[in-house]
Amino acid sequence: MTDTKGGTCLSCGGSSFTKDRSRGEMICTSCGLVASDHILDRGPEWRAFTAEDRKARERTGAPMTLRIADKGLSTTIDWRNKDASGRPIGGQRRASIYRMRRWHRRTRARGSNYRNLISALSEMERLASQLAVPRDTQETAALIYRKALKKKLVRGRSIDAVVAASIYLACRIHRIPRRLHEVSVESRATRKEVGQSVRLVLSQVDVKVPVASARDLIPRLSSDLGFKGETVKRATEIIVKARRRGITVGKDPGGIAGAALYIAGILEEDRRTQRKVAKAAHVTEVTIRNRYKDLVRSLGISFGLDPTA
DNA sequence: AAGACGAAAGTGGTTGA
DNA sequence: TCAACAACTTTCGTCTT
């Protein structure tokens, strides 16, 4: 409990508030009203300097706060200026009731968006930790989701799908190799739904997302398969060349990355079976073979001579 | 026996009339 | 809404190591 902030309490008219940092709540010091509904909207003010601080607020702060804020006023306030026994209410008390009514209306008007955001953010938290997505990437995801929400893209489709899409896109922006199917496996939405949401968000929301590249998948795949450094380097070269020839467009990046690693493995005498590579890359052996053929043909790779180039 | 290869048919999704 | 289509998968038989 530390700093106090300006403003007027809607319940008692008091002007002093206590801020509970761990919960992100604003509490009126004279009547105890939890007045915190704006905290969600003040994105920038949420910035904290330590990881713990940020974590504490992001996780439990917003949703819990809102839940509390709503709880206090979930009943309707009668419009007549009478008290329970029918006597008229006057003076300061009356003004205070009026303010409460207005506040109540406002909360309700924005209520559906808030409610949506609450469940979305908690789902996002769950998904992100499941996928080991870093904090800043998660923030990007939250931002994308908010934009989508503002554009009414969530209407009529599942929150989970749009959340998953936001995380997937945020990962791509931050070049964190998370593939669509990985995200959808952890999501409650199906791969199809997530995919559709990704496309929708991509077309409607103003985010620039780099194209998914096979290159970004190399580090993960190679560590899964235990390739040595030289092999990884060579695989990366192969992909760079392949992209320059334009034979990577429209193909599953997993297949390309897998095939490049497979080829590099042969060239570097660091071989893995197609089966293993395919499994790690989440494609079939056939796809590895097809990409392998494409790559070998268009890059003129030969396996006979000592590969020193 | 395991791995590599390729043909053929099937799947789920996009695109364009 | 439907058909054509591209990418990928499944399945399976055959060759190679």
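Two residues are said to be in side-chain contact when any heavy atoms from C-beta on lie closer than 4.5 Å; A/Ile176 and A/Pro134 meet this criterion. Between A/Arg172 and A/Arg178 the shortest side-chain heavy-atom distance does not fall below 4.5 Å. Side-chain atoms of A/Ile144 and A/Thr140, non-hydrogen and from C-beta on, do get closer than 4.5 Å to each other.
At a threshold of 4.5 Å between side-chain heavy atoms, the hydrophobic network of Ile, Leu, Val, Met, Phe, Trp and Tyr places A/Tyr262 and A/Leu217 in two separate groups.
Regarding A/Ile266, its CD1 atom lies at a distance of 12 Å from the P atom of C/dT17, rounded to whole Å. For A/His181 and B/dG13, the NE2 to P distance is 15 Å, given to the nearest whole Å. Going from atom CD of A/Gln274 over to atom P of B/dA4 covers 5 Å, rounded to whole Å. When the P atom of B/dT15 is taken as reference, atom CD of A/Gln196 falls 12 Å away, rounded to whole Å. When rounded to the nearest whole Å, the span between CZ of A/Arg275 and C1' of C/dT16 equals 16 Å. Here the P atom of nucleotide B/dG6 and the CD1 atom of A/Ile288 are 14 Å apart, to the nearest Å. Here the C1' atom of nucleotide B/dA7 and the CD atom of A/Glu285 are 15 Å apart, to the nearest Å. Separating the CG atom of A/Asn290 from the P atom of B/dG6 is a distance of 9 Å, rounded to the nearest angstrom.
If A/Val286 and A/Thr273 are placed on DNA chain B by their nearest nucleotide, the residue sitting closer to the 5' end is A/Thr273. Nearer the 5' end of DNA chain B, as judged by each residue's closest nucleotide, is the contact made by A/Lys276, out of A/Lys276 and A/Lys293.
Pairing for B/dA17 goes to C/dT1, judged as Watson-Crick or G-U wobble with the two contacts each under 3.5 Å.
Under 4.0 angstrom from either OP1 or OP2 of C/dC8 there lies at least one side-chain N or O belonging to A/Arg291. Neither OP1 nor OP2 of B/dA4 sits under 4.0 Å from any side-chain N or O of A/Tyr292.
Minimum atom distance to the side chain of A/Lys251 is reached by C/dC8, of the listed B/dG3, B/dG13, C/dC8.
Taking the centre and axis of the six-membered ring of A/Phe227, the NZ or CZ atom of A/Arg272 falls inside the cone set by 45° and 6.0 Å.
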